[in-house]
2 protein chains.
Amino acid sequence: MTSQAPPTKRPQKRPHNRIESRRENERTILSAAEKVFAEAGFGGATMQLIADVAGLPKANLHYYFATKEELYRRVVQDIFEIWLHAADSFDNAPDPATGIGAYIDTKMEISRRHPNGSKVWASEVMHGAPVIQDYLENTLRDWTDGRIRVIQGWIDAGKMAPINPRHLLYMLWATTQHYADFGHQVETLNGGKPLSEADWQAAKHNVKQIILRGISAV
Amino acid sequence: MTSQAPPTKRPQKRPHNRIESRRENERTILSAAEKVFAEAGFGGATMQLIADVAGLPKANLHYYFATKEELYRRVVQDIFEIWLHAADSFDNAPDPATGIGAYIDTKMEISRRHPNGSKVWASEVMHGAPVIQDYLENTLRDWTDGRIRVIQGWIDAGKMAPINPRHLLYMLWATTQHYADFGHQVETLNGGKPLSEADWQAAKHNVKQIILRGISAV
DNA sequence: AATTTTCTTGACCGGTTGGTCAGATTGTGG
DNA sequence: CCACAATCTGACCAACCGGTCAAGAAAATT
């Protein structure tokens, strides 16, 4: 752009104050790290590659995140937050069809919008959760126990079949996250093309249909 | 053992002929590699660690498998074979309850007996299937198309609800493999103890119950 | 028993990795 | 405008990794 600069006092590009710049850089790095960790795994990812994707010198990454482990930990923690918030769809639902249906919708949407995050999470758990074991043992366990109580309440109220609530949760996690974690396989079997909007709707509909009918909630 | 050797001509330890020794070593290495790849991922695994687990010098690994990639490829291929053979439960079944029920049983058993293999497979696919993309595009696609035809046949014959066969297959894969790939999470939520025989039966029963009822096959 | 082939292994090598650091640059408060 | 602190970065390093190799040990062949 060779046009003259506007007469406003701000330089046309960036305000570059400290706190904004810091937040912006951290976000850029975390986003790049999520992608690289998802594609290569923790061991296969390199700080140099993350730096390249982020468009920053490698040494700059170490200014914001002291070690590779620290950066990885932050990525996993951020994903876990999103994961937990999906529970909001579950609560205050009057019946299983509403609550579980909304939960499936939300988790499918997460698989669609945050496939990299889901992969990093899956990889972390698959490798024995070396950095978030405490989350599993505390936060996730409490969360799970709470949801089991909700489901058991629905069963006791005769609103759904007496299935095992814990294993139902596993099924919900497995079926929804499959579309993120195994997205490459799904895409390959879809003729090598990403799922279309209609495909996603069909997947979502199908999962809800089978599970809700499977627990006699409809 | 200070007792005298038995009078039979064979030395009490090993026959050490060439072909047996080779097969034995290959099996030891592949088993160790499967474990290490499952726990650390391809990038995180080291030939030295695999050698230590196998109880062999690292240089010996390279005698049987030229490169890390070649060893990894063999591990993944072996798993894929097991995976495909699970389809036998599917074929020649008169109705969906029998066929899909048996398939779930078989795949749950694979998750139980070969959790490491399942993890390596999951990891490979999650990272974009860099070494087995051709399997996905040919063998797996054909397999999938065949099973879809079987399911569609059942639907057309009015033996089950008109769900989307492709997405049903994804559900079957996701729910059964979850117990292997996310076994650590399941174990943690199970109080840190491995699933008991009863737990496995409950899991299997629950998956079959929900899915078979979900597709109106019972 | 001699010889050839297969197998085993410690030592070694070039390349890569996570991480460091000193010095340059930039924003901020006085 | 100055001084100080925060930010940025090229150059560097020790550790580690996959892979090689030559020489020895063991089995098969003659």
> Passes side chain to side chain contact (heavy atoms under 4.5 Å, CB included), B:Glu34 versus B:Asp78? Steps please.
Replying inline: CA-CA 10 Å; B:Glu34 181 182 278; B:Asp78 288 358; over 6 Å; no

>> If you apply the rule side chain to side chain contact (heavy atoms under 4.5 Å, CB included), what do you find for B:Phe182 with A:Asp181, and how did you get there?
In response: CA-CA 12 Å; B:Phe182 290 77; A:Asp181 303 343; 3.8 Å; yes

> Separation of B:Leu71 atom CG from D:dG18 atom C1', in whole Å?
Replying inline: 12 Å

> How about B:His85 and B:Phe80: are their ring centres within less than 6.0 Å of each other?
Replying inline: no

>> Run A:Leu195 and A:Tyr179 through side chain to side chain contact (heavy atoms under 4.5 Å, CB included) and show every step you take.
In response: CA-CA 10 Å; A:Leu195 296 193; A:Tyr179 288 90; 4.2 Å; yes

> Between A:Ile132 and A:Arg73, does a side chain to side chain contact (heavy atoms under 4.5 Å, CB included) hold up when you go through it step by step?
Replying inline: CA-CA 8 Å; A:Ile132 44 88; A:Arg73 188 185 301 267; 5.6 Å; no

>> Under 4.0 Å, counting only non-hydrogen atoms across every strand here, what does B:Glu70 touch: a base, just sugar-phosphate, or nothing?
In response: nothing

> Are the aromatic ring centres of B:Phe37 and A:His127 under 6.0 angstrom apart?
Replying inline: no

> Are A:Arg147 and A:Trp143 in a cation-pi setup, meaning NZ or CZ lies under 6.0 angstrom from the ring centre and within 45 degrees of the ring axis?
Replying inline: yes

> What do you reckon, are the aromatic ring centroids of A:Trp83 and A:Trp173 less than 6.0 Å apart?
Replying inline: yes

>> Please give me every residue in residues 37-51 of chain B whose heavy atoms get under 4.0 Å of an atom in DNA chain C, ordered by residue number.
In response: none

> Base, backbone or nothing for each nucleotide of nucleotides 4-9 of chain C, written B, S, -, heavy atoms under 4.0 angstrom, 5' to 3'?
Replying inline: -BBBBB

